[in-house]
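The next block holds one structure in the form of structure tokens; read it before the comments.
Basis for what follows: all heavy atoms, side chains included, without hydrogens, waters or symmetry-related copies. Naming: A, B, ... by sequence-line order, numbering from 1 per chain.
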Number of protein chains: 2
Amino acid sequence: MPAFQNAFESHDHAHCADDVLARVRVIVQKNKLRLTPVRQRTLEILLESHKALGAYEVLERLAAEGFGHQPPVAYRALDYLVEQGLAHRIRRLNGFAACMYPGADHEPAFLICKSCDKVAETKGSAFDPALNQAAKTHGFHIERSNIEAMGECASCKGVL
Amino acid sequence: MPAFQNAFESHDHAHCADDVLARVRVIVQKNKLRLTPVRQRTLEILLESHKALGAYEVLERLAAEGFGHQPPVAYRALDYLVEQGLAHRIRRLNGFAACMYPGADHEPAFLICKSCDKVAETKGSAFDPALNQAAKTHGFHIERSNIEAMGECASCKGVL
DNA sequence: GGTCGTTATGTTATGATATAACCCTTTAAA
DNA sequence: TTTAAAGGGTTATATCATAACATAACGACC
């Protein structure tokens, strides 16, 4: 498993997505998750691109495919995926993205390209050292953390 | 200037806030910022506590003090402060907090206590090493980044 | 195989957050 | 002192998210 899933370079995306799905299947088995049809499709929709999707975008897709038409349908599926570590919330974009390292139990970090809107995930091995140090010193217990970095990817830099 | 502003321990907050304001005054002078009444008050309101405030909470306060009553009043003041580096947006909380290190040009990192809702800012010296490395390797140019860590502060851990 | 508590999925309605567009006033610079 | 730019107020609306409730599906158990 690579340490960095480069969403920005062109790649065999079908393989890329299938690879994630294959790992998801293992986790589903192992943890006895109930990856129901809505949830499965929601994850697949997220995996179609490396962009973060808003809940309402996902909802549109789900509705078109015969699932419910109301916001909670999408939010529930998305929240479930996030809880199970199969997706992440990208707060800066009010959106969601499939986790590229399902099962790896990591603190996610994201590179977000302001030009093409794509999102790449890195699997940070641990909490940021400086932050971790500060937390330790003052007795703060970190449960979860995430990093969102805005910038521009190589492809877009070349274009502009 | 300390490397970590501990919002969670009891402290002389009036001094703490005044200290920040004093540094802000220097920056305002140096950069010829227009810290108008709404903006100044908005910053002061943020500085009253170590909690992140929603735009509508700020708005209520401003309205009560004779400023405008509509959302853009608060959002404009808050956005200005963020642009000038005098405040930060805490996305996880849909809120804003005064910057504790104005003028220090840093990538902020936050410890957010889930129990008392207070927010402490650390002045990360640079981008997260792992993320920075990934970005470099793939030619991604990071412009801004921030870290938001959820957890529980020492005071709240003691209580629970 | 029924039954029963739990989980899932759908609904309607509403809450919370954020911005667009417009108009007048203030500011600072020519 | 005119004038362009920035500020601050408004109304209206867009966008994002959840509360509360009803029915259906699941799965553990006797």
Side-chain angles (χ1 to χ4, degrees), chain A residues 28-29 31-46 51-84 86-97 112 114 117 119 148 150, chain B residues 28-46 51-84 86-97 112 117 119 148 150:
Chain A
V28 166
Q29 288 269 326
N31 300 357
K32 301 204 199 309
L33 303 187
R34 295 170 67 177
L35 199 58
T36 58
V38 221
R39 293 168 177 171
Q40 166 97 30
R41 275 305 292 148
T42 300
L43 181 57
E44 288 168 4
I45 289 166
L46 291 182
K51 298 188 184 180
L53 295 185
Y56 281 74
E57 294 178 85
V58 171
L59 178 59
E60 261 185 48
R61 295 287 309 276
L62 292 174
E65 299 180 18
F67 295 101
H69 291 240
Q70 303 305 324
V73 170
Y75 280 104
R76 279 197 289 236
L78 290 164
D79 289 347
Y80 178 85
L81 294 174
V82 169
E83 275 166 28
Q84 302 304 327
L86 303 180
H88 297 294
R89 197 161 187 154
I90 317 275
R91 315 224 57 133
R92 188 152 209 135
L93 303 175
N94 290 323
F96 298 82
I112 305 168
K114 65 178 181 184
D117 271 351
V119 172
E148 298 181 5
M150 292 293 295
Chain B
V28 166
Q29 287 268 327
K30 192 172 68 181
N31 300 356
K32 300 203 199 311
L33 302 187
R34 294 171 68 180
L35 198 59
T36 59
V38 221
R39 292 169 177 171
Q40 165 97 30
R41 274 306 289 149
T42 299
L43 181 58
E44 287 167 3
I45 288 166
L46 291 182
K51 298 188 182 178
L53 295 184
Y56 282 74
E57 293 178 86
V58 171
L59 178 58
E60 261 185 48
R61 295 287 310 276
L62 292 174
E65 298 180 18
F67 295 102
H69 291 242
Q70 304 306 322
V73 170
Y75 280 104
R76 280 198 289 238
L78 289 164
D79 289 346
Y80 178 84
L81 294 174
V82 170
E83 275 166 28
Q84 302 304 326
L86 303 179
H88 298 293
R89 197 160 188 157
I90 317 275
R91 311 222 67 128
R92 190 153 207 132
L93 303 176
N94 290 322
F96 299 83
I112 305 168
D117 271 352
V119 172
E148 297 180 5
M150 292 294 293

Please list, chain by chain and in numerical order, all residues satisfying salt bridge (charged side-chain N to carboxylate O under 4.0 Å, His left out) with Arg61(A), sequence neighbours excluded.
Glu48(A), Glu65(A)
With sequence neighbours excluded, residues passing salt bridge (charged side-chain N to carboxylate O under 4.0 Å, His left out) with Glu44(B):
Arg41(B)
Contact list for residues 72-84 of chain A, test side-chain hydrogen bond (donor to acceptor under 3.5 Å, both in side chains), sequence neighbours left out
none
Provide, to the nearest angstrom, the distance between the [atom1] atom belonging to [X] and the [atom2] atom belonging to [N].
{"X": "Lys32(A)", "N": "dT7(C)", "atom1": "NZ", "atom2": "C1'", "result": "17 Å"}
{"X": "Glu57(B)", "N": "dA18(C)", "atom1": "CD", "atom2": "C1'", "result": "15 Å"}
{"X": "Leu59(B)", "N": "dT19(C)", "atom1": "CG", "atom2": "P", "result": "14 Å"}
{"X": "Leu78(B)", "N": "dT17(C)", "atom1": "CG", "atom2": "C1'", "result": "12 Å"}
{"X": "Tyr56(B)", "N": "dG15(C)", "atom1": "OH", "atom2": "C1'", "result": "11 Å"}
{"X": "Asp79(B)", "N": "dT17(C)", "atom1": "CG", "atom2": "C1'", "result": "12 Å"}

Supply the atom-to-atom distance [X] [atom1] to [Y] [atom2], rounded to the nearest 0.5 angstrom.
{"X": "Met150(A)", "Y": "Ile112(A)", "atom1": "CE", "atom2": "CD1", "result": "5.5 Å"}
{"X": "Leu43(A)", "Y": "Leu35(A)", "atom1": "CG", "atom2": "CG", "result": "6.5 Å"}
{"X": "Leu86(B)", "Y": "Gln40(B)", "atom1": "CG", "atom2": "CD", "result": "10.0 Å"}
{"X": "Leu62(B)", "Y": "Thr42(B)", "atom1": "CG", "atom2": "OG1", "result": "4.0 Å"}
{"X": "Glu60(B)", "Y": "Ile45(B)", "atom1": "CD", "atom2": "CD1", "result": "10.5 Å"}

What is the minimum heavy-atom distance between Ala63(B) and His69(B), and which atoms define it?
CB-ND1, 3.7 Å
Heavy-atom closest pair (Ala74(A) atom, Val58(A) atom, distance to 0.1 Å) is CB-CG1, 4.5 Å
Just so I know, are the side chains of Ile90(A) and Phe96(A) near enough to count as touching, which here means a heavy-atom distance under 4.5 Å?
no
Compute the bend angle of the helix from dG1(C)-dC30(D) to dA30(C)-dT1(D) from the end axes (five pairs per end), rounded to 10°.
30°
Considering every strand and a 4.0 Å limit on heavy-atom distances, what is the contact class for Arg91(A): base, sugar-phosphate, or nothing?
nothing
Could I get a table of every N or O pair under 3.5 Å where one atom is in the protein and the other is in nucleotides 9-13 of chain C?
from, atom 1, to, atom 2, distance (Å)
dT9(C), OP1, Thr36(A), OG1, 2.6
dG10(C), O5', Gly68(A), N, 3.4
dG10(C), N7, Arg76(A), NH2, 2.1
dG10(C), O6, Arg76(A), NH1, 2.9
dG10(C), O6, Arg76(A), NH2, 3.3
dT11(C), OP2, His69(A), N, 2.9
dT12(C), OP2, Gln70(A), NE2, 3.4

Considering only heavy atoms of chain B and a distance under 4.0 Å, specify the first and last nucleotide of DNA chain D in 5' to 3' order that meet this criterion.
dA6(D) to dT11(D)
